[in-house]
Structures are given as C-alpha cells and as structure tokens.
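Bear in mind that the values here come from a model prediction, so they are computed numbers and not experimental data. Order of appearance sets the numbers: ligands from 1, and atoms from 1 within every ligand.
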Amino acid sequence: MSLFKQLENIIRNNNSFLLTTHVNPDADAVGSEMALYHLLKRMGKDAVIINHNETPDNIQFLDPENVIQKFERVNPQQIIDEVDVIIFLDLNQITRVASMTEKLRSSSKIKVVIDHHQDAVNFADLMITDTNANATGEILYNFIVQSKLTQIDYEIALPIYAAIVTDTGSFRYERMNPNLHLIASELLKAGIVPHEVADKIYDQSRLSKIKLLGYALSTMVLSESGNIAYMLITTEALENSGAFESEVDGFVNYCLAIKGVKVGMLFFELKDGIKVSFRSKGKIPMNKLAAEFDGGGHTNAAATRLFNVKMEDYLKKIINKAEEYISEYSNK
Ligand SMILES: [Mn+2]
C-alpha cells in the first residue's frame, strides 16, 4: 500500500490528532500544521497543535485563530493520553521537538512523520519522508490532491503556499522543478496573492532586526581561499540590538551573495553555547558538514546547536572542516 494510502487510512480510522513540529518553527513547519489541521477539522476530527516555541510574528497570520499552543503552557501528558495519533511535521528526528521529546517518545500512540529533510531516523509507525520535496507543504499538497479528502481552497492554499515560498527561497533553490510552479499556479487560482504573502512574511521586520543584520554584515569575513564567507553575532551584539534570537534566521544567506563564495556560515553565540548555520551552492553537503558537529539539515542548508561550548574553540575547526568539504565536493 502506498504511503499516502496508509496516511489516509490512519486519518480515516482515528478521531483525535496531535500535530507538532520542530523547534524554532518556520513557515513550512507552521504552514504544514495549519493545512493538516484544517483538513482534519473538516473531516470532523479533533485536532490540537502543540509546539515547543511560540509562532514567530511574521507567520502568525497562518494561525489567525491562535489554535497553536505552546508546550509549556498546556498539560501535555493529558493531551497525549487523549489523542489517537501524533503527527510530526517538517522533522525526521524526534529530538527536534526539543522540550517535548521525552513525553512524545514514550507515548505508545500511533506516530506519523511527514517530512522532506535528509538522514531520517525512523521513530514512527509511518514515515513519509520525501527528500525530493521542496517543502513539507508540497508533500501535503500532493496528499490532499491525491486523497481528495478536501478541497484546496484559500484556507488550505495559504499555509501551503507560505510553506513552499519560504522553503524554496521564493522559488529559486536547487530543488525547484517545473511541477512546483504548477502547484503554485493551482494555489494562485485558489485566491493566493503572492505579493501580499511575501509582504507578510518578509517585509514586516522590526527596525532592531534590520540593525542587527547591518551589524552581522559588518562582521563578514572571507576565508583565505575565498570559498567561505562567515559572520559572527555575539550575545552582546544581540542584546545591544534589541532584536530577538529568532530574528537572526536567514542572515546567513547573505554570505552566498559574494562572488566566488561556495559556503556561507553564521556563528551565533548564545548564553549556553553556539548555533552555527550553514549554506552552500551546488553539491557541497551542508547536512554532512553539520553532522560532523551534531547538526543536520539539507544539502544546501543545515545548522547545528552546540551547548556549553565557546565560539573560539569551534570557529577554526568548523571553517577547516568546511574547506575540506569544498575541496572534496566542488567538482562533483
Ligand atoms: Mn521544511
């Protein structure tokens, strides 16, 4: 039986669902949750969404009725005990749910993963992991169309469109394919207005974030080879700017805007360790580079979070490792 058919059966044969996604949720994470939530509600099912984090301001429009709840504010054990199925979206390792990991791991409820990242760890009863998909929202679109469980109307098109736009860097990353533009076309026919969505997601920044971006850009360094550009944000710089930690997402992409640069990195110092974001052009596998330092992700975008370490102990190590990956994979 196909994976979609198995998912359809799980949905049809059960009544209550808990949806969740990864730490620091993006528009693909929240959009996928909301699209599936609407589908389940229309089928008369009970559905709750619980995330480790609050939804970022710029994608709150995907959840206008505030159905997404924050883990630390609810009684998670009670909710987990009451549902039939737990569906994990846009993640393929259970630890990505952060504070919710142990409670969800120890639950004996039916578990489903719908995701598009590489290096999946099988922890669910049904793993729908398609690394060719540009976004988890794209997988859900195909599932809804094929299963015919509901219509792709504006309410469902909006979160799916937001998911696809952000996970493709506005339709320009490497995995883009003709079919995704056909999907986008269908979403536009359902009433999506691209400039309105783009304005909400990208052009509602706070001044403090843009100022911090300015600072981050001013720290940018090119490695000796010219292959790597990286930026550094210290906790002090973050505090001085008044920006939020989550607002740093996406800064790393500016590293790739420099001619000749193949790998971009952002070193972000946090109170209890560091976060490193990796971006690459071509086939240089950032997921593998990140995995050398306990992280993961996609070929062209990955990240790691290291606790209780100092930036200066890792900066050189990570840059050297990145140079090795560049020489190994550049001509592949
Ligand atoms: Mn995604």
Side-chain angles (χ1 to χ4, degrees), residues 3-4 7 19-37 39 49 51-53 55-56 58-63 68 87-98 100 112-121 123-124 126-144 156-177 179-181 183-184 187 197-198 200-202 246 248-250 252-253 275 277-280 285-287 290-291 295-305:
L3 295 174
F4 277 178
L7 175 60
L19 312 181
T20 190
T21 189
H22 55 78
V23 61
N24 299 328
D26 51 22
D28 189 24
V30 170
S32 298
E33 289 181 320
M34 291 309 301
L36 189 54
Y37 176 86
L39 166 75
I49 308 177
N51 292 343
H52 169 84
N53 292 98
T55 302
N58 68 325
I59 52 174
Q60 185 60 49
F61 73 98
L62 299 175
D63 177 20
I68 297 178
I87 303 183
F88 300 82
L89 295 155
D90 203 41
L91 64 85
N92 63 21
Q93 305 191 1
I94 196 165
T95 50
R96 297 280 290 141
V97 297
M100 302 156 66
V112 175
V113 166
I114 306 173
D115 181 59
H116 67 125
H117 293 86
Q118 276 152 338
D119 309 316
V121 176
F123 67 89
L126 176 61
M127 298 278 297
I128 300 181
T129 58
D130 178 1
T131 55
N132 290 319
N134 290 270
T136 300
E138 179 186 353
I139 301 174
L140 283 174
Y141 175 88
N142 288 322
F143 170 69
I144 292 170
I156 284 194
L158 181 64
I160 289 179
Y161 183 80
I164 290 173
V165 165
T166 52
D167 264 28
T168 57
S170 304
F171 300 100
R172 65 198 177 106
Y173 291 163
E174 308 236 345
R175 276 183 288 179
M176 269 307 301
N177 58 64
N179 192 47
L180 201 63
H181 281 296
I183 292 176
L187 298 173
V197 178
K200 285 189 171 117
I201 295 176
Y202 297 116
S246 61
V248 169
D249 276 8
V252 63
N253 295 313
K275 185 183 173 191
S277 304
F278 304 90
R279 293 290 183 277
S280 71
M286 294 298 99
N287 55 317
H298 305 282
T299 305
N300 297 121
T304 188
R305 172 82 166 84

Not counting sequence neighbours, which residues clear salt bridge (charged side-chain N to carboxylate O under 4.0 Å, His left out) with K275? List them please.
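Applying salt bridge (charged side-chain N to carboxylate O under 4.0 Å, His left out) to K275 gives D249.
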Whether the side chain of D130 engages the backbone of N132 through a donor-acceptor N/O pair (distance < 3.5 Å, no angle test) should be reported.
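Here the side-chain-to-backbone pair exists.
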Has D90 got a side-chain atom pairing as donor or acceptor with D115's backbone, closer than 3.5 angstrom?
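Flag not set: sc D90 to bb D115 has no pair under 3.5 Å.
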Would you call the rings of H116 and H298 parallel, tilted or perpendicular, where under 30° means parallel and over 60° means perpendicular?
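H116 and H298: tilted rings.
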Which pair of heavy atoms, one from A27 and one from L62, lies closest together, and at what distance?
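Closest heavy-atom pair between A27 and L62: O-CD1, 4.2 Å.
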Protein N/O/S count near the Mn ion (ligand 1) (criterion: distance under 2.8 Å)
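The number of such protein atoms is 4.
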Atom pair CZ (F123) and CG (L91), whose distance is rounded to the nearest 0.5 Å
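That separation rounds to 5.5 Å.
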